[in-house]
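Computation of the quantities below employed the complete heavy-atom set of this structure, encompassing side-chain atoms and omitting hydrogens, waters and symmetry-equivalent molecules.
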Amino acid sequence: MPITQRRALIIISSAHQLPLAAPADVSSISTGFFLVEMAQVLKEFENDYEFTFATPDGKAPQLDINGMALSMHAIEKTGGATIPLRMQQRRRSFDVNRFRQRHPELVARREQEIQLLERHIGWIPVSELLPNSEPELAEYRPELIRRLEKLPAGAFHSLQELVLRDRDPADPFNFADFDFIHTPGGHAPMVDFRDNPWLGEALHVAQENGVIISLICHAPVAVTSTRHRIDAQGHPYLVSDNPFLAASVSTVPTIGELFALRFLYPRVPGKKTRLFYFVDKAIKEAGFRLATSLNMAAPLLAYEPSVRLLTGNGPQAIDQQTAKLRSVLSGTRVTPHATQLSEQAETADAAGHAQRQGSKNVH
């Protein structure tokens with residue numbers, strides 16, 4: 001059958017537990033992906049795109065309840081909203097209904113995102129509350145679970161399945177049919193996106209077919225996987241000349257992670273809490289340049305047209321990242337003040353987009 005809609009691939013981490021290096025008596029905490037870093041993409045493209053969903057192993061991803069905090073839905077204002085909203089919930093007079101009534105625009109955006117999840121994915125598990133999770137989320141989580149339990153389970157392909165189908169001449173599946181890939185963050189990608197050969201192979205095949213790759217928050221750790229590929233026999237090998245190294249990468253900085261580990265939900269109360277690595281350092285150690293900003297709370301995008309790689313530093317960047325993704329697809333320019341992009345890069349990418357569309361039409 002002919003393809004009647006354009007297609008996009010959404011890759012989500014399927015990790016449910018995040019290992020901790022400290023404290024020694026807590027080996028891991030419940031984790032998942034941030035819906036806020038995916039929903040805006042679904043909203044922007046749902047009318048003209050068909051979405052395919054995948055995880056590294058084909059298992060269902062887990063929604064991180066902490067990513068549903070109302071402060072996360074302030075987007076560009078998240079940095080300034082997080083601590084004040086948490087303080088409001090610590091008052092003895094805290095009432096969840098009055099709290100929500102004071103922030104109707106944040107409640108409305110969260111509701112819109114859940115409706116997008118319901119339409120496009122269906123049931124998925126929700127992470128456990130953590131000792132430092134916000135009180136409003138303790139009320140919201142049971143409501144959300146009851147709502148999702150009414151839905152059929154979502155279906156997810158594994159990356160190995162998709163790569164092998166792409167290689168099979170008899171299978172109509174082809175990475176070239178996707179216009180873009182988007183991958184949300186949350187802490188879960190730290191578990192299964194780093195140095196994952198099947199993920200590396202998928203990203204290389206996508207890049208070779210001109211697919212735009214969009215990664216946000218912790219998901220840019222996936223670039224470390226591009227050091228690896230899978231040969232015809234299914235064996236991983238190291239890439240000798242990695243084209244992705246041309247890219248500067250925007251991601252969660254170490255200082256932002258340390259702030260979260262000290263004050264926000266990942267913290268084990270009363271104890272020093274540490275992860276086994278920091279995403280930005282892992283990316284740098286893999287040979288990539290980092291896009292940096294003096295203001296870690298401000299949206300920061302990085303785009304490299306030679307490999308069509310778009311990265312953003314967290315939920316505060318998702319609206320700008322979605323707009324940039326649309327602009328690349330349409331060949332128009334969108335350059336928000338907080339976005340680091342050059343006119344030369346934009347022009348080169350517009351030419352590359354036109355060339356790719358022409359080759360697809362010939363095919």
Side-chain angles (χ1 to χ4, degrees), residues 11-38 54-69 71-72 82 86 123-138 140-142 144-145 148 153-154 156 158-159 183-199 215-225 251-283 285-286 314-315:
I11 302 176
I12 309 172
S13 168
S14 60
H16 290 201
Q17 290 288 316
L18 177 68
L20 295 182
D25 59 337
V26 180
S27 61
S28 67
I29 57 175
S30 185
T31 195
F33 76 96
F34 277 11
L35 177 61
V36 67
E37 295 173 345
M38 180 180 73
T55 60
D57 57 7
K59 296 180 181 179
Q62 181 162 269
L63 180 65
D64 193 329
I65 189 63
N66 298 285
M68 305 306 295
S71 60
M72 293 289 184
T82 298
R86 288 182 70 91
W123 176 87
I124 53 172
V126 179
S127 70
E128 299 294 330
L129 289 168
L130 300 174
N132 214 27
S133 294
E134 294 185 11
E136 191 269 341
L137 292 176
Y140 184 69
R141 183 175 181 271
L144 178 59
I145 290 175
L148 294 180
F156 301 91
S158 74
L159 294 179
T183 296
H187 280 95
M190 293 186 69
V191 180
D192 55 4
F193 277 23
R194 186 183 185 187
D195 290 319
N196 183 324
W198 286 105
L199 176 56
L215 312 169
I216 190 168
C217 191
H218 292 75
V221 75
V223 299
T224 66
S225 294
T251 190
V252 179
T254 294
I255 187 173
E257 194 73 88
L258 288 172
F259 180 84
L261 292 170
R262 177 66 180 86
F263 297 106
L264 304 181
Y265 69 89
R267 179 174 180 256
V268 177
K271 297 184 179 182
K272 179 179 179 180
T273 308
R274 289 292 181 269
L275 307 179
F276 279 96
Y277 71 94
F278 295 104
V279 167
D280 60 341
K281 291 184 177 180
I283 291 171
E285 289 169 1

With rounding to the nearest 0.5 angstrom, report the [atom1] to [atom2] distance, [X] to [Y].
X	Y	atom1	atom2	value
D57	T55	CG	OG1	4.5 Å
L129	R141	CG	CZ	5.5 Å
D280	E285	CG	CD	9.5 Å
S133	L264	OG	CG	10.5 Å
L18	L275	CG	CG	5.5 Å
K281	E257	NZ	CD	11.5 Å

Is any side-chain heavy atom of [X] less than 4.5 Å from a side-chain heavy atom of [Y]?
X	Y	result
T183	F193	yes
L20	V268	yes
L199	P56	no
F33	L63	yes
Y277	R194	yes
N132	R86	yes
L35	P184	no
S71	E134	yes

One pair to check against side chain to side chain contact (heavy atoms under 4.5 Å, CB included): S30 and Q62. What are the steps and the verdict? CA-CA 9 Å; S30 185; Q62 181 162 269; 3.4 Å; yes
Can you name the nearest heavy-atom pair linking [X] to [Y], along with the distance?
X	Y	result
I216	E37	CG2-CB, 3.7 Å
L137	N66	CD1-CA, 3.8 Å
V36	P315	CG1-CB, 3.9 Å
Q17	P19	O-CD, 3.6 Å
I29	V26	CG2-CG1, 4.3 Å
R267	R262	CD-O, 2.7 Å

Decide yes or no on side-chain hydrogen bond (donor to acceptor under 3.5 Å, both in side chains) for D192 and S13, but give the supporting numbers first. CA-CA 7 Å; D192 55 4; S13 168; 2.8 Å; yes
Strictly distance-based, threshold 3.5 Å: is any side-chain N or O of T251 a donor or acceptor partner for the main-chain N or O of C217?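 Yes; judged by distance alone, with no hydrogens or angles, the pair exists.
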Between S225 and D195, is there a donor-acceptor pair closer than 3.5 Å when you use the side chain of the first and the backbone of the second?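 Here the side-chain-to-backbone pair exists.
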Mutual orientation of the aromatic rings belonging to F34 and Y265 [parallel < 30°, tilted 30-60°, perpendicular > 60°]: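 Rings of F34 and Y265: tilted, as their planes differ by 30° to 60°.
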Contacts of F259 that satisfy ring pair (Phe, Tyr, Trp, His ring centres under 6.0 Å) - sequence neighbours left out: F263
Could you check whether atom CG of L258 has more than 12 heavy atoms from other residues, nucleotides or ligands sitting under 6.0 Å from it?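 Count over threshold, so yes.
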